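I have placed the structure first, in the form of structure tokens, so that the comments after it can refer back to it.
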Amino acid sequence: MSDLIKKVTALLNDKTINAFIGYEKGSANRIRAIFVRTEDQVQKLILNASCTQNLTGYLMKHEVKKLGKLGILANVAALRSIMQLASEFQIKDGEVYVLFANADGSLTEFTDFKSIETFLQTTDTGIKSEEQEMIAKLEAMTVNERWLFWNKEFEKCIKCYACRAACPMCYCHRCTTDVNQPQWIPVASHELGNLDYHLMRAMHLAGRCVNCGECATACPMDIPLNLLTYQLISPIKATFDATAGMKADAMYALSTYKPDDKENFII
Amino acid sequence: MQEFEPKIVAFVCNWCTYAGADLTGTSRIKYSANVKIIRFPCTGRIDFMILMKAFENGADGIIVSGCHPNDCHYSTGNFHARRRWIVFRNLLNFTGIDTERIQFSWVSAAEGFKWADVVNNTVKKIKEIGPYENYNKIAVSTLFNEEGATNE
Amino acid sequence: MSRIGVFVCHCGENISATVNCEKVAKITGELKGVEFATDYKYMCSDPGQTLLKEAIKEHKLDGVVVAACSPRMHEPTFRKACAEAGLNPFLCEMSNIREHCSWVHPKDDLTTEKAQDLVRVMVEKVKKNKALNSIKVPVTKTALVVGGGIAGIQAALDIANCGHKVIMVERQPSIGGHMSQLSETFPTLDCSQCILTPRMVEVAQHPNITLHTYSEVESVDGFIGNFKVKIRKKSKSLDEHLCTGCGLCTTKCPQKKIPNEFERGLGFRPAIYVPFPQAVPNKPVIDREHCTYYIKGKCKVCEIVCPTKAIRFDQEDEVIDVAVGAIVMATGFDVLKTDYFPEYGYGKYADVIDGLAFERLASASGPTQGEIRRPSDGQIPKKIVFVACAGSRDPAKGIEYCSKICCMYTAKHAMLYKHKVHDGIPYVFYMDIRAGGKNYEEFVRRTIVEDETQYIRGRVSTIYEKNGKLIVKGADTLMGGIPIEIEADMVVLATFFAEAHPKLKPVETNTAGIFLAGACQAPKDIPESVAAASGAAVKVAALFSNDELTRDPLVAVVNRSAPPVYSQCVGCFLCQSVCPYQAIEREEIKNRNGEVIKTLARVNEGLCQGCGTCVALCRTKAIDIHGYSNQQVYTEIMALLND
Amino acid sequence: MEKQLKILKYSDLSKLIEKFRSQGYPVLAPVRKGKVVEIEQVQSLDEIALDVLLSTQSAKKAAFPKVEKVLEYTLEKSGTKQFPVDPADYKETILFGVRPCDASGFKSLDAIFGEEPKDQFYLEKKGKSTIISFSCPVADEYCFCTSVGGGPGNTAGSDLQFTGISKEEILVEILTEKGEKLAATFADLLTDAGKDIDKSKFLADVKVVFDVDGVVEKTTASFNNTALWLEQSLRCIGCGACAFVCPTCACFDFQDEQNTKKGVRLRLWDSCGFSLFTLHTSGHNPREVQSQRWRQRIMHKFAYMPEQLHVVGCEGCGRCSRACPVDMNIKEHLTAIGEKVIV
Amino acid sequence: MDQQNIYQPYLMEIEKITEEAPMVKTFRLKFKNEEEGNNFSFHTGQFGEYSVFGEGEVTFCVASPHTRKGYIECTFREAGRVTSELASLNEGDTIGFRGPYGNIFPIDDWKGKSLLFIAGGIALPPMRSVIWSCLDKRDQFKDITILYGAKSVADLVYKDELAEWKERPDVKLVTTVDPGGETPDWKGEVGFVPTILDRMTPISENTIAIVCGPPVMIKFTFPILEKYGFADGQVYTTLENRMKCGLGKCGRCNVGKVFVCKDGPVFTRTQLKELPDEY
Ligand SMILES: Cc1cc2nc3c(=O)[nH]c(=O)nc-3n(C[C@H](O)[C@H](O)[C@H](O)COP(=O)(O)OP(=O)(O)OC[C@H]3O[C@@H](n4cnc5c(N)ncnc54)[C@H](O)[C@@H]3O)c2cc1C
Ligand SMILES: Cc1cc2nc3c(=O)[nH]c(=O)nc-3n(C[C@H](O)[C@H](O)[C@H](O)COP(=O)(O)OP(=O)(O)OC[C@H]3O[C@@H](n4cnc5c(N)ncnc54)[C@H](O)[C@@H]3O)c2cc1C
Ligand code: SF4
Ligand code: SF4
Ligand code: SF4
Ligand code: SF4
Ligand code: SF4
Ligand code: SF4
């Protein structure tokens with residue numbers, strides 16, 4: 001019996017939690033979420049290198065919340081999601097029991113925000129090198145080339161909103177896209193509607209995205225839309241010294257300011 | 001061929017730039033008629049989506065202007081706006097949208113001359129770069145074309 | 001579709017010289033939803049307004065666009081006219097075709113077209129306007145005056161004499177402020193106390209004024225007309241009702257050698273003390289830091305001697321809540337601290353003193369009974385140097401502006417000195433003499449000519465002590481910068497005074513309903529402080545002249561809908577952190593069992609000033625702002641770009 | 001009509017496409033775009049990805065595009081004028097290289113849009129599409145066409161079906177008159193095939209995992225089995241991926257887009273998975289939570305459509321499961337329903 | 001070939017606007033094309049899709065009776081995108097109308113029976129069509145009783161018609177407002193609709209009850225009717241589910257297998273009981 005299974009069994013038994021969100025084997029070598037409440041569900045829990053999905057989005061789902069006190073298996077991105085959600089008053093301290101899977105497979109438990117914050121301070125939260133390269137490649141292009149690149153990518157988009165649904169930070173009951181007075185973002189999935197949607201979403205995640213990559217993974221049309229928000233991470237860090245999801249009481253980069261914020265384009 | 005007359009929208013705050021543009025008027029300083037102003041209470045009110053909407057309705061250029069830092073009528077609106085623009089410009093640039101076409105400026109109620117300069121320089125610049133074809137191609141009005149959104 | 005009226009103003013020739021107004025009216029008259037369009041020579045004139053009002057009635061207009069000058073000029077005019085014609089004033093918008101069009105463009109088609117564009121934008125906008133009602137805020141007709149200096153006293157008396165209640169909060173045991181420390185005042189050399197004392201007494205006795213001395217404001221909440229203030233009344237260790245102010249305790253207190261702050265440290269006081277003889281209220285407080293009982297746990301001499309048994313050693317601070325409608329901040333100033341002037345030896349040499357200390361020396365009621373004696377050895381200084389502009393107008397000290405009154409009080413000091421020490425030589429180092437005010441220039445002249453004061457233009461670089469003398473080194477810039485060295489017996493620094501703004505949250509920003517008076521606003525002398533105080537009092541009285549306050553309803557609102565949604569708001573409260581006025585509050589929606597099921601943002605209409613920063617930030621578009629709503633700006637953009 | 005069998009050479013495929021193109025037919029075929037495969041207009045054979053298992057999205061967009069103009073109008077002071085979009089303007093199109101499940105998927109759409117009153121936008125486009133499907137030589141674990149009455153060589157809905165029978169040869173089945181008409185245009189590339197070619201040898205082996213009638217019966221009876229739907233849908237995040245890639249999902253939305261003078265009414269795909277799908281302005285939502293929406297998805301296909309339109313609204317293509325970001329595997333869920341004892 | 005676009009609305013001109021209550025208006029609509037108008041017919045209970053061009057479509061029932069030709073009426077409350085745009089229109093403006101859709105109140109089956117109409121709030125409009133249709137053939141029915149309630153006096157719609165019905169000897173009208181919603185000169189009842197209904201002790205024999213109103217009202221009204229012996233088949237109501245096409249295609253208005261747009265919106269309580277809870 002793995003440590004995880006032991007631990008979760010104990011948590012369920014002593015009623016620390018009512019349900020635990022972890023991973024199970026899915027179809028065709030996929031890994032998927034499982035909501036463990038019973039003995040036999042516990043046995044399905046797995047933990048391996050492929051368990052990368054950021055499960056925190058489920059903490060915001062109505063029916064999952066209804067399961068009672070939740071425990072969750074988290075990776076670094078998930079910890080950061082929790083911090084960010086906390087800073088936006090969506091999760092309260094102590095509300096969720098967090099088990100963190102270390103690289104060596106051992107588990108660390110976090111029962112309060114403070115300990116997550118401390119942990120994150122010494123953790124690598126950067127984006128993957130492939131993604132960095134991709135961003136660099138795009139940045140090296142001319143503006144027009146980038147326009148064409150994204151035009152082609154957005155053309156594929158079918159506005160299924162899987163990206164939004166998968167993103168832990170997209171928890172609004174009514175997304176801007178769904179607001180119809182006025183209809184800021186065309187509902188239609190034509191070129192304009194797609195561009196508007198992606199620009200809008202990227203801006204709304206600027207400074208909030210915890211670079212978990214769920215959005216791009218979720219996209220059935222394989223659009224690298226995570227690059228949009230990833231690209232903003234370093235300028236936000238550089239100009240405002242802010243990184244999303246590091247502290248439970250952090251101020252959002254775009255709702256604060258410094259009188260001497262530096263820019264070079266305003267005349 | 002007729003000279004290209006760019007469509008430029010200016011989003012300005014009520015207290016500084018709008019008043020500054022009023023001063024340009026009272027001082028009878030001339031500037032190009034291509035720029036039309038939409039008034040906002042504060043630069044803080046200017047949602048980034050407003051800029052997107054301007055392009056997609058056919059603007060070739062945009063001016064966004066408000067009070068100088070520390071002069072905001074509401075103390076901090078322009079500071080928030082500035083952060084927003086810093087990030088939004090990054091995003092636009094990364095998605096291949098021409099940030100050259102958006103001129104941000106601080107124009108106070110006393111800077112009538114500066115307003116005329118901002119306008120004239122922006123018009124000049126946009127005339128040089130030409131119509132915003134990339135965006136026009138996907139603009140709302142394309143839906144009315146033959147190819148429109150009908151049959152894929 | 002709406003029934004909009006468009007009124008294009010010629011503004012005499014101001015608009016019509018370059019814009020074809022008839023054409024603008026004609027073309028915009030063809031816009032969808034425009035019921036009536038006309039042009040007129042002067043829309044703002046009486047006949048122009050009558051035209052507008054009649055058209056509203058005749059054509060049953062439900063929206064009005066006046067294309068004329070800047071709305072910053074005449075928006076209120078036309079809105080009022082609409083209201084008079086029975087149309088909600090917020091259904092009226094202006095297109096600025098003068099400042100933004102006719103005056104800045106040549107006479108050509110493009111200019112007329114631009115005018116049409118601008119009108120079209122407003123036509124489309126006004127279709128999305130909502131009839132709004134002014135916000136009515138009840139007004140609590142009590143004013144809080146913070147600070148009991150001459151400014152606070154004046155403001156309190158003025159307001160109280162208008163028949164309104166005033167609560168005055170003073171940090172010190174007595175009111176009076178700095179003025180009570182002054183000896184004589186420029187330019188008349190009136191006795192400061194003589195003018196001040198009667199007013200202090202009036203404050204204490206005024207039926208409309210409640211005085212809290214030895215107290216401080218702890219927090220201010222709320223908004224214009226409705227502030228909630230917490231006042232901490234520091235313990236005086238005294239039952240004020242019992243105390244008769246006989247002063248027996250102060251004479252018997254064994255602690256006698258406490259530096260007297262009122263005397264700027266030039267004299268001493270006991271631990272139970274009244275700051276100065278004319279103090280109001282004239283009742284002592286125990287300075288617990290120096291009281292033997294509080295230090296050693298033994299003594300209680302005062303308690304023993306007090307004939308009315310008024311001493312209360314166990315008294316605690318008391319925090320009281322008051323509701324006020326307006327606040328006058330009259331917290332005055334502080335003189336800069338000694339560590340600002342290490343090069344002048346201030347704080348190091350006893351004979352380098354500041355202006356206030358000199359006032360005490362010159363005061364008949366001061367530690368030397370008005371004789372000018374230097375602190376170190378009580379000698380009468382024969383050579384005295386006054387340094388004006390000590391600290392002000394010095395970017396290196398972070399203060400670039402002039403503290404304005406030092407020139408005058410330095411001249412006064414030189415004069416007072418000369419009057420008292422006839423054989424003494426006063427020197428004044430100055431940078432510029434700023435003596436703007438009636439008889440001020442003459443006053444300074446008198447100092448120079450009649451009282452033979454040596455005015456030297458230049459900055460003092462250092463002051464050090466040598467053989468019991470103070471060596472003042474400087475340069476005379478009028479003489480081409482030749483170095484000057486003066487062996488002085490005493491130096492008086494005309495230190496800049498810093499405005500004392502308590503850092504209470506809303507006060508830091510320009511909050512409506514909070515007024516500044518006196519030297520806390522900017523350096524001011526007494527007449528100016530008094531004038532500013534009366535000015536503030538007038539504003540308060542004006543505010544109190546109505547039972548309700550009306551405000552433009554151009555404020556933000558958070559959307560609300562029926563259960564189970566309640567609102568589009570998700571309670572992220574990012575809006576809260578951008579609001580410069582703390583106008584966004586939390587509202588908890590509870591179910592029948594009292595459990596919180598949703599937490600939503602709510603805008604306090606009284607506080608919101610309508611900047612709209614929250615609106616731009618809110619992702620769910622749950623928050624919107626009247627007058628510049630999402631619908632309105634969206635429509636404006638669309639109208640502007642699609643002709 | 002009676003089915004005809006012909007042989008076409010692989011080497012002639014590119015000629016075939018050229019022929020279609022030269023006759024002015026737009027040809028829609030699967031095209032590889034990175035990891036996804038789209039069905040798009042192509043100019044030549046090399047663009048076509050014939051070796052892929054399935055396109056990411058189904059072929060439905062040929063007749064039911066994701067965005068479609070149904071009305072155009074002008075907004076003038078004098079009143080509104082409408083410029084109806086005439087479905088008759090659509091072009092004859094060839095859908096080439098799609099899979100049998102794509103082709104048969106149209107039967108659900110036919111049922112929905114063909115029911116009175118008829119939706120000419122769809123019917124016209126569908127009517128003008130000639131479908132050349134390619135039978136499936138391989139399948140993956142998401143496929144379950146055989147469980148819902150289809151199969152890797154199912155010819156339902158196809159006008160022509162191609163089956164690779166050797167490295168060089170393709171078996172061409174001419175199935176409909178429309179197919180016959182089209183085949184006539186490339187008759188020169190075809191040779192007769194023996195009547196007795198057993199196509200099944202060349203098809204993928206897809207196991208039947210549930211009995212569709214049983215599933216239909218049990219689904220129909222399970223509306224109130226809240227626990228079942230909740231358990232199945234806990235993982236579902238309520239996106240529209242499954243519906244948008246599905247060949248049979250037909251739910252749509254209308255949206256007006258306009259500038260100040262002109263406007264269009266667009267028909268757009270919609271998904272029953274979205275929380276807004278049934279939301280009233282008041283905030284009341286008949287399908288408040290995701291489990292109810294998941295129930296709708298399954299019941300619509302396996303209870304309501306069979307009962308009302310006499311088709312099962314699923315072709316077993318498994319696209320929804322492949323596209324689902326959280327691995328909601330419909331085959332697994334249906335199997336579970338099938339195994340369930342009705343209480 | 002005459003290609004019929006089933007999503008293309010008729011163009012209608014707003015002939016008359018009546019302000020019924022705060023946020024509630026009635027439009028009388030006339031066909032722009034007379035021929036279309038002449039060919040148009042509908043039955044009471046049916047609804048249509050009304051377009052504001054540029055904003056979209058909304059579903060309202062036809063509030064005028066089918067017995068009156070030449071125009072249709074709709075009454076609506078300003079709620080969201082389309083309705084608020086609709087509310088800003090004026091007489092003479094053009095809107096679109098598709099319909100009629102849906103099933104009908106089987107008034108022909110009610111011949112010879114007494115009718116009890118129970119409506120709450122903005123749900124009088126759908127009912128109004130039936131009421132007038134029945135009043136226009138008054139002799140075919142026995143007693144006609146109307147119980148109508150709203151939050152407050154201001155919220156009562158069709159004030160003129162209420163007055164007219166009040167006057168008619170052949171109609172019994174009971175109006176009520178929620179406690180607290182009354183004005184000093186209010187002469188009607190005060191109380192919630194179900195309470196008043198109970199007080200009225202309705203007779204179920206040979207009576208059809210038609211109930212329209214907000215879900216809570218309906219929820220509490222049904223048991224009262226049951227108490228007085230109304231069988232499920234005697235009770236009719238209408239459902240509102242969000243819909244786009246009105247033609248059974250867009251896929252969202254279904255309650256279980258039943259499409260409100262095609263199989264509804266009128267249902268008997270018997271039918272309702274068979275439907276799953278999805279409305
Ligand atoms: C050396 C010197 C000489 C001067 N000579 C002259 C002269 O001859 N003629 C002339 O016209 N002017 C003179 N002035 C200027 C004059 O003193 C000021 O103009 C005047 O005192 C300003 O009055 P005020 O009420 O604004 O401030 P203050 O006198 O400073 O009064 C402020 C009061 O507020 C109280 N306070 C501060 N903070 C708080 C708080 N947070 N809560 C409660 N209470 C608080 C203080 O205790 C004080 O009682 C002189 C100034 C100096 C420094
Ligand atoms: C059969 C039927 C009859 C109706 N009769 C009337 C009537 O006579 N008077 C009246 O005021 N209202 C009636 N309604 C409700 C009316 O359709 C909604 O109030 C209206 O759709 C709100 O649209 P909106 O664009 O203003 O709101 P938005 O929120 O902007 O609309 C968004 C979408 O939600 C849908 N929608 C929102 N609320 C409802 C709802 N309650 N029911 C159905 N769909 C909704 C609409 O289809 C619209 O497309 C009826 C609904 C139905 C189904
Ligand atoms: S998941 Fe992909 S296809 Fe779906 S909306 Fe997002 S980007 Fe578009
Ligand atoms: S935007 Fe994408 S990467 Fe960022 S938090 Fe959301 S899902 Fe993760
Ligand atoms: S109003 Fe908007 S920004 Fe403010 S808490 Fe609500 S959702 Fe967040
Ligand atoms: S509009 Fe400005 S002042 Fe008003 S609540 Fe929003 S941020 Fe605060
Ligand atoms: S429901 Fe899934 S398996 Fe069935 S046809 Fe649609 S996409 Fe294919
Ligand atoms: S089943 Fe999967 S694809 Fe479908 S809505 Fe749920 S999460 Fe999205």
Side-chain angles (χ1 to χ4, degrees), chain D residues 70-71 73-75 78-82 84-89 112-113 115-122 124 220 223-224 249-260 262-263 265 267 270-272 276-282 284-287 292 295-296 299-300 303-305 307-308, chain E residues 1-13 32 49 51-58 77-85 92-96 98 101 214-215 239-260 262-263 275-279:
Chain D
V70 297
L71 207 62
Y73 44 80
T74 53
L75 306 155
S78 51
T80 302
K81 285 202 194 68
Q82 298 191 66
V85 180
D86 191 351
D89 292 344
I112 294 168
F113 293 117
E115 200 197 12
E116 284 299 333
K118 290 188 167 37
D119 180 301
Q120 295 300 343
F121 292 97
Y122 169 83
E124 202 51 40
T220 311
F223 188 95
N224 289 321
C249 276
C251 293
F252 61 81
D253 183 10
F254 286 128
Q255 286 291 332
D256 280 22
E257 281 181 23
Q258 56 146 0
N259 60 26
T260 38
K262 283 188 191 160
R265 182 157 298 158
R267 171 173 44 198
D270 208 338
S271 165
C272 59
L276 247 69
F277 191 63
T278 50
L279 179 75
H280 291 196
T281 316
S282 64
H284 171 66
N285 194 346
R287 295 200 272 270
Q292 293 168 332
R295 172 181 68 194
Q296 165 67 12
M299 293 204 61
H300 193 199
Y304 312 150
M305 283 180 61
E307 183 171 341
Q308 306 217 308
Chain E
M1 183 181 114
D2 178 25
Q3 277 295 353
Q4 202 206 337
N5 176 352
I6 54 169
Y7 306 120
Q8 186 185 333
Y10 300 115
L11 292 181
M12 311 288 275
E13 188 180 308
K32 282 224 155 184
E49 293 291 333
S51 309
V52 180
F53 294 99
E55 299 296 337
E57 294 187 310
V58 271
R77 181 195 294 281
E78 206 179 319
R81 179 178 180 186
V82 187
T83 44
S84 38
E85 202 53 36
D93 291 338
T94 309
I95 65 167
R98 287 196 285 126
Y101 300 139
L239 291 186
E240 271 186 22
N241 263 19
R242 179 164 171 174
M243 55 183 68
K244 288 284 178 175
C245 67
L247 298 163
K249 300 194 189 298
C250 78
R252 73 194 66 211
C253 70
N254 63 306
V255 177
K257 65 182 180 188
V258 166
F259 276 88
V260 173
K262 286 195 309 180
D263 309 312
L275 292 182
D277 179 22
E278 222 179 8
Y279 49 87

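The model shown is predicted, which means the values in this text are computed figures rather than measured ones. A note on names: the letters A, B, ... follow the listed sequences, proteins ahead of strands, and every chain is numbered from 1.
- The side-chain heavy atoms of Glu240(E) and His284(D), taken from C-beta on, include no pair separated by under 4.5 Å.
- The contact between Tyr279(E) and chain D is made entirely by backbone atoms, counting heavy-atom distances below 4.5 Å.
- Across Lys249(E) and Ile112(D), no two heavy atoms sit closer than the pair NZ-O, 2.9 Å.
- No part of Val82(E) comes within reach of chain D, as not one of its non-hydrogen atoms sits under 4.5 angstrom from that chain.
- Within the 4.5 Å cutoff, side-chain heavy atoms of Arg265(D) are placed close to those of Phe53(E).
- You'll find the side chain of Phe254(D) stays beyond 4.5 Å of the side chain of Glu49(E), heavy atoms only.
- With a threshold of 4.5 angstrom between heavy atoms, Asp253(D) approaches chain E through its backbone and through its side chain.
- Of the possible donor and acceptor atoms, one in the side chain of Asn5(E) sits under 3.5 Å from a partner among the backbone N and O of Val70(D).
- Asn241(E) is listed as a side-chain neighbour of His280(D), based on a closest heavy-atom distance under 4.5 Å.
- Within the 4.5 angstrom heavy-atom criterion, no atom of Thr83(E) approaches chain D.
- Between the Gln82(D) side chain and the Pro9(E) main chain, a donor and an acceptor come within less than 3.5 Å of each other.
- If you measure heavy-atom distances from Glu115(D) to chain E, the contacts under 4.5 Å come from both the backbone and the side chain.
- The part of Asp277(E) that comes within reach of chain D is its backbone (N, CA, C, O), which places non-hydrogen atoms under 4.5 angstrom from that chain.
- For the set Thr220(D), Asn285(D), Thr80(D), Leu75(D), the count of heavy-atom pairs under 4.5 angstrom toward chain E peaks at Thr80(D).
- Of the residues considered (Met299(D), Gln255(D), Glu307(D)), Glu307(D) shows the highest number of contacts with chain E, using heavy-atom pairs under 4.5 Å.
- Annotation for Lys262(E): atom NZ counts as buried by contact number, over 12 foreign heavy atoms lying within 6.0 Å.
- Smallest separation of non-hydrogen atoms from Pro117(D) and Leu247(E): CG-CD2, 3.5 Å.
- In this structure, Ile6(E) and Lys118(D) have side chains that are not in contact, with every pair of non-hydrogen atoms separated by 4.5 Å or more.
- Using a 4.5 Å cut-off between heavy atoms, Leu71(D) touches chain E through its side chain atoms alone.
- At a 4.5 Å heavy-atom cutoff, the contact between Phe252(D) and chain E is made by backbone and side-chain atoms alike.
- The shortest distance between side-chain heavy atoms of Thr281(D) and Glu78(E) does not fall below 4.5 Å.
- With respect to chain D, the highest number of heavy-atom pairs below 4.5 Å among Ser51(E), Gly56(E), Gly256(E), Gly80(E) belongs to Gly256(E).
- Residue contact with chain E, scored on non-hydrogen atoms closer than 4.5 Å, is absent for Ala303(D).
- Judged by distance alone, with hydrogens and angles left aside, the side-chain atoms of Tyr7(E) form no donor-acceptor pair with the main-chain N or O of Asp119(D) at under 3.5 Å.
- For the set Lys257(E), Arg252(E), Lys32(E), the count of heavy-atom pairs under 4.5 angstrom toward chain D peaks at Arg252(E).
- Using a 4.5 Å cut-off between heavy atoms, Pro215(E) makes no contact with chain D at all.
- Taking the side chain as every heavy atom from C-beta outward, Cys251(D) and Lys244(E) never approach each other to under 4.5 Å.
- Of the atoms belonging to Cys245(E), heavy atoms from both backbone and side chain fall under 4.5 Å from chain D.
- Within the 4.5 angstrom heavy-atom criterion, only side-chain atoms of Phe121(D), from C-beta onward, approach chain E.
- A donor-acceptor contact shorter than 3.5 Å links the side chain of Arg242(E) to the backbone of Leu276(D).
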